[in-house]
Amino acid sequence: ATSGKHTSAFSSTPLEVLLFLNGWYYAAYFLVEILTFVYKGLVLPYPAANLILDIVMLFLYLGVEVIRIFFGSKGNLTQRKLPLCIGLALTFPSAAMAVYYLLLQTYIVRIEVIINAILLVLYAFEVILGVVALAEFIRANIY
C-alpha cells in the first residue's frame, strides 16, 4: 500500500447507469402514483384526510428521491465519499416510503404492488453497487 499517495479508482459505471435509469423510472412511478390516487379518490371511498396525507407524502418522497439520485450520481462521478454516502443514506428513507406505498397506505391496487416492488429491487442493487464504489474510493484513498 502506498501511504499518502492517491491510487487510481474509477467511477462505477453500473451504479451510474442504475441511478440514471432509476431517475427515469421514478418519474414514471410518480406519474402512475398520481393517476392511481386520482382513480382511488374518484372510485374508492378513500377518506379525504388519508388521500391528502398520501399525496403530500408522495411529493415529499419526490424531493427525497431527487436529492438521493443527485448526490449518489455526484459522489460516483466525482469519486467523492461524502456525496456518495449521502446518496446511500437517503436510499433508506426512500425504501421506507416504497414499503409504505407497497403495504401500509389505505388502499393498495395491483399496479402499486408491482411498481413499488420494482423500485425496492432497484434500491437493493443501488445499495450494493454504492457500497462497492464507496469501498473502492476508500481503498484508493480518495476524499
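If you're wondering where the values come from, they're calculated on a predicted model, not measured in any experiment.
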Verdict with supporting geometry, Ser11 and Glu16, side-chain hydrogen bond (donor to acceptor under 3.5 Å, both in side chains): CA-CA 8 Å; Ser11 300; Glu16 193 60 33; over 6 Å; no
Residues two or more places apart in sequence or in another chain: which of them pass side chain to side chain contact (heavy atoms under 4.5 Å, CB included) with [X]?
X: Leu103; answer: Val99
X: Val132; answer: none
X: Ile86; answer: Phe71, Leu82, Leu90

In terms of hydrophobic clustering (I, L, V, M, F, W, Y; side-chain heavy atoms under 4.5 Å; direct or indirect links), are [X] and [Y] co-clustered?
X: Ile55; Y: Leu62; value: yes
X: Leu53; Y: Val56; value: no
X: Val17; Y: Leu129; value: no
X: Val109; Y: Val43; value: yes
X: Met97; Y: Phe125; value: yes

Heavy-atom closest contact (Ala133 atom, Ser12 atom, distance): CB-CB, 3.9 Å
[Y] and [X], any side-chain heavy atoms less than 4.5 Å apart:
X: Lys74; Y: Arg80; result: no
X: Tyr26; Y: Val66; result: no
X: Leu21; Y: Tyr25; result: no

Under 3.5 Å: donor-acceptor pair, side chain of Lys40, backbone of Tyr107: yes
Short side-chain to backbone donor-acceptor contact, Tyr101 and Ala96, under 3.5 Å: no
Pairs meeting criterion side-chain hydrogen bond (donor to acceptor under 3.5 Å, both in side chains) with involvement of residues 42-55, two or more places apart: Tyr46-Asp54, Asn50-Thr106, Asp54-Tyr100
Side-chain donor-acceptor contact under 3.5 Å, Glu136 with Gln79: no
Candidates Ile108, Leu119, Ile114, Leu120 - the one meeting side chain to side chain contact (heavy atoms under 4.5 Å, CB included) with Leu102: Leu120
Separation between [atom1] of [X] and [atom2] of [Y], rounded to the nearest 0.5 Å:
X: Leu134; Y: Leu88; atom1: CG; atom2: CG; answer: 6.5 Å
X: Asn22; Y: Ser94; atom1: CG; atom2: OG; answer: 8.5 Å
X: Leu122; Y: Thr91; atom1: CG; atom2: OG1; answer: 11.0 Å

Verdict with supporting geometry, Leu15 and Phe20, side-chain contact (heavy atoms from CB on, under 4.5 Å): CA-CA 9 Å; Leu15 176 60; Phe20 177 79; over 6 Å; no
Side chain to side chain donor-acceptor pair (under 3.5 Å) involving Tyr123 - partner list, sequence neighbours excluded: Tyr61, Glu65
Show me the donor-acceptor pairs, under 3.5 Å and distance only, between side chains in residues 27-39 and residues at least two apart or in other chains.
{"unit_1": "Tyr29", "atom_1": "OH", "unit_2": "Asn116", "atom_2": "OD1", "d": "2.7"}
{"unit_1": "Thr36", "atom_1": "OG1", "unit_2": "Val32", "atom_2": "O", "d": "2.6"}

side-chain contact (heavy atoms from CB on, under 4.5 Å) between Glu126 and Arg68, worked out: CA-CA 11 Å; Glu126 284 179 18; Arg68 183 190 75 81; 2.4 Å; yes
